[in-house]
Amino acid sequence: MIRRLPTGLALGALAVLGASAAAQDAWVIRAETIYTAAGDPIAGGHVRVEKGKIASVGSGPGSGANVLEAAAVTPGMIDLSARIGTTELSVEQSTETAAELSVVEAIDFFSFRWDRELRSGVTAVLVSPYDNDVIGGLAAVVKTGGPPTLEARLVKEAAALRAAIGSQPSAGNRTPRGAPPSSFYFRRPTTRMGVEWVLRKAYWDAIQAAERGEADTDPHVRARHEVLRRTIRGELPVIVDAWATQDIRTAIFLKEEFQIPRLIVDGAAEAWREPELLARAGLGVVLPPHVFTGRTREEAFFAWDCAATVEELGLPLALSAHGARDFGARLDRQAGFAMRGGLPFAAALASVTIHPARMVGVDDRLGSLEVGKDADVLLWNGTPFEATSAVIGVLLNGELVLDPRAAAGQ
């Protein structure tokens with residue numbers, strides 16, 4: 001059992017280091033247990049960080065001038081649906097299928113929410129377009145800390161194509177019914193069926209355009225079609241917002257109809273209802289925050305053992321806080337709730353680290369404590385994800401942004 005270190009102060013009162021301490025380019029982190037997310041835990045080990053990268057991971061205390069200590073160490077957490085950085089003001093109004101547009105043009109790096117995510121242990125997120133369009137555009141993986149510029153924080157620009165199924169893409173849309181349109185909202189789709197039609201038509205248009213050639217097509221449409229064809233070739237994953245059973249089914253049938261190799265369902269609250277269909281489809285799943293009533297968006301019922309069910313099927317699983325603001329909804333708490341529903345600890349750790357990294361193709365840099373990867377490291381005062389444990393230290397790109405020594409009163 002891990003010995004619990006004193007916290008001293010609540011998470012919200014932990015001090016962020018001054019520039020002199022944060023500027024250190026070499027650290028040795030010692031812990032009673034190191035959870036690498038790449039193999040078995042290491043008891044009484046160390047992680048050495050140099051110049052923003054992980055230099056070594058092994059047993060024994062290690063050596064170095066700048067030493068940090070914790071009860072446990074894990075990789076930084078990754079949230080594929082943090083719902084941060086964009087708002088409905090960034091929605092493309094000229095089309096419902098803006099596959100060619102990138103979210104990087106609309107990210108707000110000055111929001112206070114970035115710091116809140118970082119202090120809770122989330123070191124990278126997938127920023128997606130707002131879900132008012134059926135196909136919102138290309139999502140990007142960015143770090144949650146560092147200078148407020150795209151150049152400083154970007155990990156991968158075209159990490160996934162974002163789409164949405166359900167009621168949100170049609171919400172507010174309406175037909176003119178004989179009157180001339182007076183705003184962008186006089187447009188289709190206006191129903192859940194219409195949303196599915198728009199999504200399927202976009203794929204058929206892309207396929208047929210390739211068959212007949214697109215020499216005279218508008219360049220934006222040409223780029224849009226190429227992005228959709230990339231998803232069919234498996235070069236780009238599609239992450240679809242779908243919560244209720246009927247919408248999860250639609251996503252699965254879309255995957256099978258167009259033979260999309262890498263499809264991820266975000267929300268997926270009712271993924272537990274039809275495990276055989278999920279297993280047949282072989283899709284990735286991003287689960288939302290637990291709610292004590294069980295009822296989530298679209299009136300979908302989110303069972304406590306949903307994560308365990310998905311994991312038992314052998315499907316890629318990621319957990320998400322969906323940008324929730326209260327303490328109990330943070331990403332580490334979602335892992336703890338999933339464990340209460342039967343998810344093993346190793347699977348819970350993977351669902352907030354290496355699994356999301358693999359799902360969007362950034363596992364060469366993020367998701368595990370391995371030599372050469374980015375030094376995004378969390379220090380814990382107890383066993384991760386337990387109700388009485390907390391993140392007391394955070395390194396991002398090798399810089400100490402949350403000091404565990406402040407929690408210990410040193």
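In this chain, residues are counted from 1 in sequence order.
- Checking E257 against W204 by side-chain atom types alone, a donor-acceptor pair falls below 3.5 Å.
- Taking CD from E69 and CG from L379, the interatomic distance works out to 10.0 Å, rounded to the nearest 0.5 Å.
- Using a 4.0 Å cut-off between charged nitrogen and carboxylate oxygen, R224 and D205 do not count as a salt-bridge pair.
- W27 places none of its side-chain heavy atoms less than 4.5 Å from the side chain of V47.
- In this structure, I165 CD1 and I248 CD1 are separated by 10.0 Å, a value rounded to the nearest 0.5 Å.
- Taking 4.5 Å as the limit, some side-chain heavy atom of R200 sits within range of a side-chain heavy atom of L254.
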Could you go through T353 and Y35, starting from their C-alpha distance and side-chain angles, then the distance that decides it, and tell me whether this counts as side-chain contact (heavy atoms from CB on, under 4.5 Å)?
CA-CA 11 Å; T353 55; Y35 300 97; over 6 Å; no
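- Here the straight-line distance linking atom OG1 of T144 with atom CZ of R113 works out to 12.0 Å at 0.5 Å rounding.
- Heavy-atom minimum distance, K143 versus D374: NZ-OD2, 3.0 Å.
- When side chains are defined from C-beta on, L228 does not count as touching I232, because their heavy atoms never get closer than 4.5 Å.
- Of all non-hydrogen atoms in L80 and A318, the two that sit nearest each other are CD1-CB, 4.3 Å.
- Rounded to the nearest 0.5 angstrom, L349 CG and S368 OG are separated by 10.0 Å.
- For the atom pair CG (D247) and CZ (R192), the distance works out to 4.0 Å, reported to the nearest 0.5 Å.
- The two residues L68 and P404 make their nearest non-hydrogen contact at CD2-CG, 4.1 Å.
- A donor-acceptor distance shorter than 3.5 angstrom exists from the side chain of E270 to the backbone of F301, with no hydrogens or angles considered.
- Of the N and O atoms on the side chains of S167 and E298, at least one donor lies less than 3.5 Å from an acceptor on the other residue.
- Under the 3.5 Å distance criterion, the side-chain polar atoms of K255 are matched with a main-chain donor or acceptor of A281.
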One pair to check against side-chain contact (heavy atoms from CB on, under 4.5 Å): I135 and V238. What are the steps and the verdict?
CA-CA 10 Å; I135 301 177; V238 181; over 6 Å; no
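- Proximity of a side-chain donor or acceptor of W114 to a complementary backbone N or O of D108 within less than 3.5 Å is detected.
- Using cut-offs of 30° and 60° for the angle between ring planes, the F292 and F337 rings count as perpendicular.
- Here the side chains of V195 and T250 are not in contact, with every heavy-atom distance at 4.5 Å or above.
- The closest side-chain heavy-atom distance from E157 to L150 is not below 4.5 Å.
- Residues Y130 and Q168 form a side-chain contact, since some pair of their non-hydrogen atoms from C-beta on lies under 4.5 Å apart.
- Under the 4.0 Å criterion applied to side-chain N and carboxylate O atoms, R83 and D241 are assigned as salt-bridge partners.
- Side-chain contact check for S94 and E92: at least one donor-acceptor pair (N or O, by modelled atom type) lies under 3.5 Å.
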Would you please test L236 and L138 for side-chain contact (heavy atoms from CB on, under 4.5 Å) and show each step?
CA-CA 10 Å; L236 184 69; L138 295 165; 3.6 Å; yes
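- Side-chain atoms of T86 come within 3.5 Å of backbone atoms of S128 as a donor-acceptor pair (strictly under, hydrogens ignored).
- When every heavy atom of L343 is checked against every heavy atom of A308, the shortest pair comes out as N-CB, 3.8 Å.
- Under the 4.5 Å side-chain criterion, counting only non-hydrogen atoms from C-beta, R358 is not in contact with P316.
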Please step through side-chain contact (heavy atoms from CB on, under 4.5 Å) for the pair V391 and W380, ending with a clear verdict.
CA-CA 5 Å; V391 173; W380 302 73; 3.7 Å; yes
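- Counted within 6.0 Å of CZ on R295, heavy atoms from surrounding residues, nucleotides or ligands total more than 12; the atom is thus considered enclosed.
- Ion pair E226/R233 flagged as a salt bridge, since at least one NZ, NE, NH1 or NH2 atom sits closer than 4.0 Å to an Asp/Glu carboxylate oxygen.
- Counting heavy atoms from C-beta on, the side chains of D332 and V352 never come closer than 4.5 Å.
- Taking CH2 of W197 as the reference point, atom OG1 of T191 lies at 11.0 Å (rounded to 0.5 Å).
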